[in-house]
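Order of the sequence lines fixes the chain letters, A, B, ..., with proteins taken first and strands second; residue numbering starts at 1 for each chain. Worth knowing before you read on, the calculation uses all heavy atoms, side chains too, and leaves out hydrogens, waters and symmetry mates.
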Amino acid sequence: MTKGSKPQAPSEFTKRVLQLVSRIPVGQVATYGDLAEKAGRPGAARAVGRLMATGSRRGLPYHRVVAASGRLGGYGGSEALKAGLLAAEGLTVRRGRILDFGRCRWRGQS
DNA sequence: GTGTTGACGCCTA
DNA sequence: ATAGGCGCCAACA
């Protein structure tokens, strides 16, 4: 089969971000900017957020991806749900903010 | 090819 | 602390 048609070939950046998200261990969280940087596009936090919103891949712990400064960000319209999921992971969320954020922030391989 | 949007990030007032 | 603006990149109309 030739490549006659190109069915939404995912960019390296997209695959990279999704891969990183799937690598986030339980009890830890990563920020959009962090994922973008690890994916090879520092500053592309928006692109990362868009990937979550559109959800090219399912089954990934998108709820472990939060905004910077310890803010949750959003979750399809129910950030409370995101907070609940994070709390269930062992984190502590207070008024839409992750307390031990600097403690549970996933650093990949530090 | 252009314009707009989006689960962001950081700065300044 | 709150508000507003600019910049970044990728997908969609």
**Q** Side chains of Leu60(A) and Leu18(A), heavy atoms from C-beta outward: is any pair under 4.5 Å?
**A**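 Sidechains of Leu18(A) and Leu60(A): in contact.
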**Q** How many Å lie between CG on Leu18(A) and P on dA10(C), as a whole number?
**A**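 Rounding to the nearest Å, CG of Leu18(A) and P of dA10(C) are 13 Å apart.
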**Q** To the nearest Å, give me how far apart CG (Leu51(A)) and P (dG6(B)) are.
**A**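 Distance check: Leu51(A) CG to dG6(B) P gives 15 Å.
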**Q** Are any of the side-chain heavy atoms of Arg105(A) and Gln28(A) separated by less than 4.5 Å?
**A**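 No, every pair of side-chain atoms sits at 4.5 Å or beyond.
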**Q** How many Å lie between CG on Leu85(A) and P on dA7(B), as a whole number?
**A**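 For the pair Leu85(A) CG and dA7(B) P, the rounded distance is 18 Å.
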**Q** Would you say Ser11(A)'s side chain and Thr14(A)'s backbone share a donor-acceptor pair under 3.5 angstrom?
**A**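 Side chain of Ser11(A) to backbone of Thr14(A), a donor-acceptor pair under 3.5 Å: no, none is there.
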**Q** Starting the side chain at C-beta, find the nucleotide from dG9(B), dA10(C), dA7(B) nearest to Ala53(A).
**A**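 Nucleotide nearest to Ala53(A)'s side chain: dA7(B).
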**Q** Taking for each residue the nucleotide of DNA chain C bearing the nearest heavy atom, is the 5' side occupied by Ala45(A) or by Thr54(A)?
**A**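 Comparing both residues, the 5'-ward one is Ala45(A).
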**Q** Output the rounded distance in Å from CG (Leu60(A)) to P (dA7(B)).
**A**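 In whole Å, dA7(B) P and Leu60(A) CG are 18 Å from each other.
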**Q** Do Leu20(A) and Arg16(A) make a side-chain contact, defined as non-hydrogen atoms from C-beta onward lying under 4.5 Å apart?
**A**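 Sidechains of Arg16(A) and Leu20(A): in contact.
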**Q** Is any side-chain nitrogen or oxygen of Thr14(A) closer than 4.0 Å to OP1 or OP2 of dA11(C)?
**A**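 The answer is yes; a side-chain N or O of Thr14(A) sits under 4.0 Å from OP1 or OP2.
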**Q** It should be established whether Arg50(A) places a side-chain nitrogen or oxygen under 4.0 Å from OP1 or OP2 of nucleotide dT5(B).
**A**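 False: Arg50(A) side-chain N/O out of range (4.0 Å or more) of dT5(B) OP1/OP2.
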**Q** For Val48(A) and for Ser69(A), find the nucleotide of DNA chain B with the closest heavy atom, then tell me which residue's nucleotide is more 5'.
**A**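 Taking each residue's closest nucleotide, the earlier one in sequence belongs to Val48(A).
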**Q** Separation of Arg41(A) atom CZ from dC9(C) atom C1', in whole Å?
**A**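 Result: 9 Å.
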**Q** Go through residues 29-37 of chain A and report each residue with a non-hydrogen atom lying under 4.0 Å from DNA chain B, sorted by number.
**A**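 Tyr32(A), Gly33(A), in order of number.
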**Q** List the atom of Trp106(A), the atom of Lys38(A), and the distance in Å for their closest heavy-atom pair.
**A**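 Scanning both residues completely, I find the closest heavy atoms to be O-CE, 4.4 Å.
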**Q** Can you find a pair of side-chain heavy atoms, one from Val29(A) and one from Val65(A), that are under 4.5 Å apart?
**A**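 No, every pair of side-chain atoms sits at 4.5 Å or beyond.
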**Q** With a non-hydrogen cut-off below 4.0 angstrom, is Ala68(A) in contact with a base, only sugar-phosphate, or nothing?
**A**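 Sugar-phosphate, no base atom in range.
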**Q** Let's see if you can work this out: which of dG9(B), dA7(B), dA11(C) has an atom nearest to the side-chain heavy atoms of Ser11(A)?
**A**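 Nucleotide nearest to Ser11(A)'s side chain: dA11(C).
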**Q** Whole-Å distance between dA10(C) C1' and Phe13(A) CZ?
**A**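 The distance from CZ of Phe13(A) to C1' of dA10(C) comes to 7 Å, rounded to the nearest Å.
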**Q** Which is true for Ala44(A) with a 4.0 Å heavy-atom rule: it touches a base, it touches only sugar-phosphate, or it touches nothing?
**A**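 Sugar-phosphate only.
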**Q** With a 4.5 Å limit on heavy-atom distance, are the side chains of Tyr75(A) and Met52(A) in contact?
**A**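 No - every pair of side-chain heavy atoms lies 4.5 Å or more apart.
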